[in-house]
Each structure stands twice: as C-alpha cells, then as structure tokens.
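Following: one structure in structure tokens, then a few remarks.
In each ligand, atom 1 is the first atom listed, and ligand 1 is the first ligand listed. The basis for the numbers below is simple: all heavy atoms, side chains too, and nothing from hydrogens, waters or symmetry mates. Nothing here was measured: the structure is a model prediction, and the numbers come from that model.
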Amino acid sequence: MVDRFGRVHTDLRVSITDRCNLRCTYCMPAEGLDWLPRAEVLTDDEVVRLIRIGTQRLGITEVRLTGGEPLLRRGLPQLVARLASLTPSPELSLTTNGIGLSRIASALRDAGLSRVNVSLDTLRAERFAEITRRDRLADVLEGLRAARTAGLTPVKVNAVPVRGVNDDEIADLAAFSVNGGYRMRFIESMPLDAQGAWARDRMVTAQEILDRLGERFDLVPVERQDNAPAEEWRIAGTQTTVGVIASVTRPFCGNCDRVRLTADGQLRNCLFATKESDLRALLRGGADDAALEAAWRASVAGKGPGHAIDSPEFRRPQRPMSAIGG
Ligand code: SAM
Ligand code: SF4
C-alpha cells in the first residue's frame, strides 16, 4: 500500500477496545468518558477478517493490538491464536498498561504473540496512583516480570514524561529497565488526551529527555532502523537500549508506515487524521474482500504528508488516543 508520497504501509495498529481500567491524566479525564456501545465494536470474526485482508491483499506484515486497554478484551488469547494462524502470518505485538498481564502472559505467548510494550510512567506507588488515578503499580511490575518470563521479548517499557509530574524519574526509569532487562522508551506527550488539556509547556521534549539521561549514563547512538519512530541509544556498558519517540519536536511522518483500525472499525491513515474510513459499515453491509481492500487503499492514498502539531494550523482529531489506539 503506497501513498502519494511513496510511503509503503506495512504496520497495522488495531484497537480492540476503547475501555480502560486506568485513567492516566495525559490520556483520559477522571470521569465521564463514554465507552463505545458494544454493538459498535468489531467482533472477533470481523477483526480477523479485516486483518486477513490486510496481510493477504495489502502487504501488512506487523500487527500491534492496543486500545484502550487490550487485556480487557474477552478471549484475547483466542483472538491472538486466530491472527497468528493467518497465512501469511503477521508479527503480533501488544501495547498494554500491564494490569492482569501476569495472569495471561504465557497464554498470549503460546497463542502466538511475539512481544509486548508495557506503559509505566513512575516507579513510586503514590505517584503512580496520582498519574493513573488507580493504585496498581504492583500489578504492573508483576505483569512486566511475567512478560519477560513468558518470553514476550524484547519487553519494552513506555513512559510519557510530564513536566512537574514525573520528569525527575527519567534516569531512574532507564536504570530500572537496565536492571530488569527491558528496553526503555520515552514518548513526548501529544495533544490527544480526551479532555483537551494538553499544554506544550508541560511536554518534556526529546532533547530534555536526552539531557536528563546524559547526566547519569553514557549514551551510544544506535543506527535508526527503517521507519522506526524511536531514535535509539545504547546505554554504555550494557546491552540495553533507550529510545525516544519525539512525535512533536522531531516528527517522523516522512517515514510513516502505519495505518490504524479503531475498535469500531474505522480505518485511520494517521494518528492525527481528521477523517476516517468506515470499514464496519462496509463489512456489515455485505461488502466482499475486494471492496474492503479498495476502501483501505483509497484511505491510504488520501494520507496527508504529516501532522503539524507544532504549527498554528494544527487541528486535534475528534477522537482521543484511548479511542484511536496508541
Ligand atoms: N492502555 C494501553 C497502555 O497504556 O499501554 C494501550 C493504549 S495507550 C493509549 C498506548 C500508549 O499511548 C501508552 O504508552 C500511553 O502512555 C500513550 N499515551 C496515551 N496518551 C498519550 C498522550 N496524550 N501523548 C503521548 N502518549 C500517550
Ligand atoms: Fe488507559 Fe493506556 Fe490511556 Fe492509561 S494510557 S488511560 S492505561 S488507555
């Protein structure tokens, strides 16, 4: 799937639920975010069919399951097993907040999941409760260990630093990852919170993240892999890498190879897209594979050059991150 800027799209992010058991302050309001009605959420059969079309007809090679919190989807190992048995079979990964992962990690591995990213913004229990509005740090840490034991590796730890909240823990989180054998990723916060409270001056920039890391570690640049959103460094004296995803200050739109499917079956050609393509309506209206393929190709063909978050013309998408799938 090539767009008009020559970008080839091989990576599909699939949100399998918009629900969540945390309420991270940079993502959701404390209360009052309506979930999608169940009837609007794609069934397993529908998800599997769309991903089969993606892998068989459109060149999708990687599928990341996300949400909301993807572990809240019932029967997740069965869904993963069905996706893993597609021909050709996509590389399957998952982004999760880690709650409940300790119970399900080995079942997911057995079903064919390759890797997980676990979000963790702080190592302090009280602060975790402030950021996520739930007291669940211990569950996340247990989930991380279980993922490593189950072989869902490399296990990546994702953190979103926010000024005055957890930016003093950047080096501590990296040290935690070195000791645990995880790969650390820091993500610049983006204007995708449901409540519209994002403020540029609270975002911690990639440069600031690197400066904080540089105070404690020697960082050796790692050559960037094709289309990888993260810039990576190896922490000298270890095999661990630390990455920074600088979506705002160093956007990587020119190399973007991603397309996204929301839990209610809308195809988005960009995280920041303001238009969607309604694949669910086609699916439920009886469309054949060729028609779904054509709609998908048309969506990618219409992809814009980039998101321009840092420009005055920037417009937020209507859906928040939790409903798009991060
Ligand atoms: N619930 C899962 C989790 O937290 O990993 C998956 C969905 S979550 C939306 C995916 C990733 O997006 C997480 O790593 C989270 O920290 C990140 N995220 C959420 N809101 C964000 C924002 N406003 N800016 C940058 N990253 C954000
Ligand atoms: Fe839930 Fe993930 Fe959003 Fe936190 S970042 S509220 S865990 S969807």
Side-chain angles (χ1 to χ4, degrees), residues 13-33 35-36 64-73 76 93-101 104 115-122 128-137 139-140 143-144 147 152 155-163 165-167 173 177 182-200 202-206 209 229-230 243-249 251-252 258 260-263 268 271-272 307 309-310 314 316-317 319-326:
R13 311 260 144 163
V14 183
S15 171
I16 53 175
T17 179
D18 63 326
R19 290 166 193 248
C20 193
N21 42 12
L22 294 183
R23 287 264 171 176
C24 303
T25 42
Y26 52 75
C27 184
M28 288 192 189
E31 285 166 51
L33 183 65
W35 306 135
L36 288 166
R64 174 169 293 273
L65 302 178
T66 180
E69 177 41 49
L71 298 186
L72 294 181
R73 176 121 181 169
L76 183 58
S93 58
L94 177 88
T95 298
T96 171
N97 62 27
I99 293 172
L101 185 56
I104 205 178
R115 295 176 280 115
V116 291
N117 286 13
V118 178
S119 300
L120 176 64
D121 299 314
T122 175
F128 184 95
E130 278 164 29
I131 295 175
T132 68
R133 303 184 176 105
R134 305 285 186 271
D135 185 12
R136 307 295 296 270
L137 176 63
D139 302 71
V140 178
L144 264 172
L152 291 168
V155 177
K156 291 183 188 160
V157 175
N158 288 351
V160 179
V162 178
R163 193 176 311 288
V165 175
N166 60 343
D167 53 335
L173 283 162
S177 291
Y182 309 122
R183 293 198 190 165
M184 191 68 220
R185 293 290 178 88
F186 294 98
I187 306 172
E188 283 182 348
S189 78
M190 296 180 270
L192 286 173
D193 54 309
Q195 62 277 34
W198 182 85
R200 200 185 189 292
R202 297 196 75 207
M203 174 189 73
V204 182
T205 65
I209 294 166
V244 179
I245 303 185
S247 315
V248 180
T249 62
F252 34 86
R258 295 182 178 181
R260 293 166 193 273
L261 180 65
T262 66
R268 299 177 60 87
L271 193 49
F272 295 92
H307 58 56
I309 295 177
D310 244 3
F314 175 70
R316 295 171 61 104
R319 281 183 198 255
M321 181 81 129
S322 57
I324 296 172

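- Across Arg23 and Pro29, no two heavy atoms sit closer than the pair NH1-O, 2.8 Å.
- Residues that satisfy the side-chain hydrogen bond (donor to acceptor under 3.5 Å, both in side chains) test with Arg19, not counting sequence neighbours, are absent from this structure.
- Note that CD of Gln195 is 12.5 Å distant from CD of Glu31, once rounded to the nearest 0.5 Å.
- Using a 3.5 Å distance cut-off with no hydrogens or angles, the side chains of Arg268 and Thr262 do not pair a donor with an acceptor.
- Thr17 and Arg73 share no side-chain donor-acceptor pair at under 3.5 Å.
- Closer than 2.8 Å to atom 3 (Fe) of ligand 2 sit the protein N, O or S atoms Cys27 SG.
- In this structure, CE on Met321 lies 10.0 Å from OG on Ser189, to the nearest 0.5 angstrom.
- The line from CG of Leu120 to CD1 of Ile131 is 9.0 Å long, rounded to the nearest 0.5 Å.
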Report all N/O contacts between ligand 1 and the protein shorter than 3.5 Å as a table of atom names and distances to 0.1 Å; if there are none, say 'none'.
from: ligand 1; atom 1: 1 (N); to: Gly68; atom 2: O; distance (Å): 2.9
from: ligand 1; atom 1: 1 (N); to: Glu69; atom 2: OE1; distance (Å): 3.2
from: ligand 1; atom 1: 4 (O); to: Ser119; atom 2: OG; distance (Å): 3.4
from: ligand 1; atom 1: 5 (O); to: Thr96; atom 2: O; distance (Å): 3.2
from: ligand 1; atom 1: 5 (O); to: Ser119; atom 2: OG; distance (Å): 2.6
from: ligand 1; atom 1: 14 (O); to: Ser119; atom 2: OG; distance (Å): 2.8
from: ligand 1; atom 1: 16 (O); to: Tyr26; atom 2: OH; distance (Å): 3.1
from: ligand 1; atom 1: 23 (N); to: Tyr26; atom 2: O; distance (Å): 3.0
from: ligand 1; atom 1: 23 (N); to: Met190; atom 2: O; distance (Å): 2.9
from: ligand 1; atom 1: 24 (N); to: Met190; atom 2: N; distance (Å): 2.8

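- Applying the side-chain hydrogen bond (donor to acceptor under 3.5 Å, both in side chains) test to Asp18 and every residue at least two apart in sequence or in another chain returns nothing.
- Checked by atom type, the side-chain pair Glu188/Thr249 shows a donor-acceptor distance below 3.5 Å.
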